[in-house]
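Fair warning: this is a prediction, and the values are worked out from it, not measured in the lab. Both backbone and side-chain heavy atoms feed into the values below; hydrogens, waters and symmetry mates do not. Just so it is clear: chains get the letters A, B, ... in the order the sequence lines come, proteins before strands, and each one is counted from 1.
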Amino acid sequence: MAPPEPRAEPIDEPDDPVEPVEPGRVVRVLPDPPAINKSFDYLVPDKLGDQVRVGAMVRVTLHGRRVGGWVVGEGVDPADAGADGTQARAPGSRRTIALQPIAKVTGWGPSAEVIDLATWASWRWAGRPAHFLRTASPDHAVRALPAGATAAAPVHLVPDEVIDAAFAAGQAVVRLPPAADPYPLVLAAATRGNALVLAPSAVGARHLGLRLRRAGVPVAIMPRDWALAAAGATVVGSRAAAWAPVHDLAAVVVLDEHDEGWQQEQAPTWNARDVAVERARRAGVPCLLVSPVPSLEAQAWGPLVVPSRAEERDGWPKVDVIDRRDDDPGRAGLFSDRLVTALRGGGRVLCVLNRKGRSRLMACTSCGEVAHCERCEASVVLSDEGRFDCARCGTVRPPICLACNGTQFKNLRAGVTRVREELEALANTPVVEVTGDTRDLELDDARVYVGTEAVLHQVASADVVAFLDFDQELLAPRYRAAEEALALLVRAGRLVGGRRGDGRVLVQTRLPGHEVVQAAVLADPARASTAEADRRALLRFPPVTALAAVSGASAPMFIEGLSHAAFAGLEILGPSDGQWLLRAADHATLLDALAATPRPPGRLRVTVDPLRL
DNA sequence: CGGACAAGCTGA
DNA sequence: CAGCTTGTCCGG
């Protein structure tokens, strides 16, 4: 033996060599580093016996080092080892394993229900269970749960046939217009027991929670009140709260279901709305998805409950459409007379100009029509070969105006900084520029703002919201562009209020007849969604199909394995820019194929339900 | 993840 | 062939 060199760090491990284990409680632990995609069995020391249960967060020794983990199973028989789902123990190998004891119990963690949900999510978004369990875990160790909150105090509930219809359906998509207050619906859910209520922004969720609390409802506001949520209360939060513990789940409500923020941007691209829906399904409790502009996904999921025509109309803003085809397609295009009047009118004006991305728009010099794809309506760009290329569906056509057969086109674009200066001159007042990374400094000083859509998030209210170039939203080369554009109008509508007030939304466009514009003008979202549903069906985009994008260094090998197995109903498209696209008629076909294909080592990025292609 | 160990690359 | 880098495997 080498001379005992003093160890740099004294690790206390008195019971080093574990002897062949006699009876005792054994639990299965999933280590916390997501890369260890495997669970292991551990012994429960007697003194920890009362704290170790499924969902407990523990620390264990793995390969000589301490890692955190979750107890995901109990009462396992160590004889039938091979602890994980991915790889069964080699047949014939009968080796007994010297089990290590659990080193420490950190505290409470996600419940068995949420652990099962994480297993489902790892299939649904091709991710690691540890990733979801991390999201589902408290940010500080929870040693003990507080006393469970008692039943809600009596609350005055406004009888409302929309609410009744929604809950009667068990699962429903509730279409409430932008200016409508969803609070009565949330309150109705909370009076049924411990509800899970999700709102897209943390601030909005907090306000909602405080409002419920004032009404006497016991409320846990996530992520701070994790322990209270686990003990029993109505749980309110934003995206991560889809994973909150809820003691005796009675109902699920997702507000602004259409919001793209529900989906996580990096893989696994899980969607909180879909997690909430699955949760409600598993618990057998009512689930309501609320939105002024229900997504096609939601509409494919559940029945639509709609308020009266009059109520819905009142909840949409007055929308003025300004047809820019009448303008000189050159410089004056961004500043219509109507806009100038609004700028000089005295109220607070927000001007929205999304200059993100490289979207170059071409307009016909003779008639002003924006060059767009004849197949899918997206804007097209002039390729080096002198043809129009559609970035969305790939259709190529000769550069001829679809409206007047003109062959001359002008490149339209404007920098936001110059626009700010011009607005300042036109309005004769200081104009503040707001972008994604603007801090909320002297924001309320100004009367006129200009910026990307961030301006709609950072300013609380306005008299006028003007979209300087709405075509950029309508024609963006993303397959969800129409839904995203309508969502912007919803946001604008909330800032200016319903049509009984004085607020207005100005839409400058060369496509005044576009169904998204018409949907807002007529307060009828169905106009947009029926047109969009047809287009998606034609192009075989979700929700008619299910998609996944595969990229990264080891993508070629993964794709090879996938195509070798020749899964029925799975299409493999690409590669384009090093990215493959997988398409199937439904998620089950797509995800079962992904799950059945071994992952090669190396970087592999699988994006299920990509928002852009 | 991170340690163990095996298989390759380099240098004299 | 030592000595080091790079890769693959595996953990209870």
Nearest-angstrom distance from the residue atom CG of A:D41 to P of C:dG11: 12 Å
With sequence neighbours left out, write down each residue that passes side-chain hydrogen bond (donor to acceptor under 3.5 Å, both in side chains) with A:R53, or none if nothing qualifies. none
Using 30° and 60° as the class limits, which term best fits the ring planes of A:F132 and A:W270: parallel, tilted or perpendicular? perpendicular
Distance, rounded to the nearest Å, where A:R65 contributes CZ and C:dG12 contributes C1': 13 Å
I'd like to know if A:E453 pairs up with A:R491 as an ion pair, taking the criterion as any Lys NZ or Arg NE/NH1/NH2 lying under 4.0 Å from an Asp or Glu carboxylate oxygen. no
For A:M557 and C:dG7, what is the distance between atoms CE and C1' respectively, to the nearest whole Å? 13 Å
Would you kindly give the CG-to-P distance between A:L99 and C:dG11, to the nearest whole Å? 13 Å
In whole angstrom, give the distance that lies between atom CG of A:L43 and atom C1' of C:dG12. 9 Å
Between C:dG11 (P) and A:L30 (CG): distance, integer Å: 15 Å
note: A:R599, atom CZ; C:dC10, atom C1'; distance rounded to Å ~ 19 Å
For A:D50, does the CG atom have more than 12 heavy-atom neighbours from other residues, nucleotides or ligands under 6.0 Å away? yes
Taking C-beta and beyond as the side chain, do A:Y42 and A:V58 meet within less than 4.5 Å on heavy atoms? no
Indicate whether OP1 or OP2 belonging to C:dG11 is found under 4.0 Å from a side-chain N or O atom of A:K38. yes
Send over the distance from A:L62 CG to C:dC9 P, rounded to a whole Å. 18 Å
Minimal non-hydrogen separation, A:C376 against A:L539, with atom names: CB-CD1, 3.5 Å
For chain A, the stretch of DNA chain B it reaches, first to last nucleotide, under 4.0 Å of its heavy atoms: B:dC1 to B:dG2
